[in-house]
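Atom set for the values below is all heavy atoms of this structure, side chains included, hydrogens, waters and symmetry mates excluded. Along the sequence shown, the residues carry numbers beginning at 1. Whatever order the structure lists them in is the order used to number ligands and atoms, beginning at 1.
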Amino acid sequence: MTIRPALLLAFVALGLSPLGAATTILRGPYLQSATPDSIVIRWRTDATEASVVSYGTDREQLTSVAKAEGILTEHIVPLSELKPATTYYYTVGSVPFAPPAAGKSGSSSRAAIHSFTTPPPAGTVKPTRIWVLGDPGTKNDVQRAVRDAYYNFTAKRATDLWLLLGDNAYPDGTDADYQKAIFEMYPATLRTSPVWPALGNHDARSANSATQSGVYYDIFSLPTRAQAGGVMSGTEAYYSFDHANIHFICLDSHDTERKPDGAMMQWLKADLAATTRDWIIAYFHHPTYTKGTHDSDKDSDSSGRMNDMRAIFLPVLEQGGVDLILTGHSHVYERSPLINGHYGKSPTFDAAKHVVQRGDGRFGGDGAYRKKRGRVPNAGEVSIVTGSAGQAGSKPPPLNHPVFYLALNEAGSSVIDVDGLRLDLTFINDKGEKRDWFSIIKE
Ligand SMILES: [Fe+2]
């Protein structure tokens, strides 16, 4: 940071250190690319300064220090050699953290101590809570209500990680849009739980996947070299990672070539073939099926991207043993029973052929969906459009795609709990009502 002489005198008069005390954190800290032994901590300040994270497993002893090169406003500090499944406390600033002297409160926001918990070793079992937000970025009261409904629901249960399914910041995915729609909307979650985003069409107005440039790519630090598991994709546009016994796959349905022999497809096949995790969850922006605020039967809708994801990518995901597909774009909640093999338009859907297991998937109802443990191709997935974290359809959508067991024109978000060989998904609307739930069991 540059300090003018008059300002320096003012600092001295106020008893402030010119370095470290004067800048304001404009966003973050926020957590990226968490692995069992590493994490990336990012934040932004209003003036240039050094990047220092002080951390430790004892809240009173933040004696480990990580730094990044440079004097800047955009701070990106990787921590390494962490212990898995361990809670760390941390502060960010321009100098290593010094605890307040005895008798002084020292509770400035710069000295705020935050925490995160590293994932367990990949492949091991640990109850995991995942928050899923599709199309959240409206910045309005609906987005806030959806957020608060989840916060009430999860209460003291920590969020292990969260997914953004694209259209994370309306209208244009600019830095200012992200500031309001993400950084000022979810500050507490950002500093305690790693966020894993997908690119939506609105994000792509300010970003370019081919060149890995623009706001979305500037804001997020995502694994391009398989740092968090999976096979290296070489790009932040699509990537995979492991958390406990779950393998996550993020595809770019908007701005990356979707050809059957394209780079994203080649990577997807290699990534699916390599994973040995108990669960595979794939997420991307454009739904394979929807009759919500978009129509997956219409070739012109979203320039055919929904068709591509269904006809080209879905067969490969199913063959690779996917368990859950999460998408957004359509501002509704739609979810299927256990299905497989439907790649055409909705009139070609044949329940006798394409439903692997019917029913509500609920304990106490028709019973949980059941799959065999291990890599069984085409054993069925539950397909979910959960694109209403910022708004529902303004006029009633048809919601009549035959693939779905349930469809709701309601704002809300989805919560996934994985515990060993059991997966539960719950949809919570903006009023805090549990509007859908089901379970998948592997045996
Ligand atoms: Fe969209």
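The Fe ion (ligand 1) has an N, O or S atom of Asn201 inside 2.8 Å of it. Among the atoms of Asp167, an N, O or S atom falls under 2.8 Å of the Fe ion (ligand 1).
The closest approach of His285 to the Fe ion (ligand 1), by N/O/S atoms, is made by NE2. Shortest distance from the Fe ion (ligand 1) to His329 is reached at ND1 (N/O/S atoms only).
Aromatic rings of Trp43 and Tyr30 (six-membered ring for Trp) have centroids beyond the 6.0 Å cut-off, not under it.
When the side chain to side chain donor-acceptor pair (under 3.5 Å) test is applied to Arg310, the partners found at least two apart in sequence or on another chain are Asn307.
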message: Walk me through whether His254 and His285 qualify under side chain to side chain donor-acceptor pair (under 3.5 Å).
response: CA-CA 7 Å; His254 186 79; His285 187 61; over 6 Å; no
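Looking at Arg362 and Asp366, no side-chain N of the basic residue comes within less than 4.0 Å of a carboxylate O on the acidic one, giving no salt bridge.
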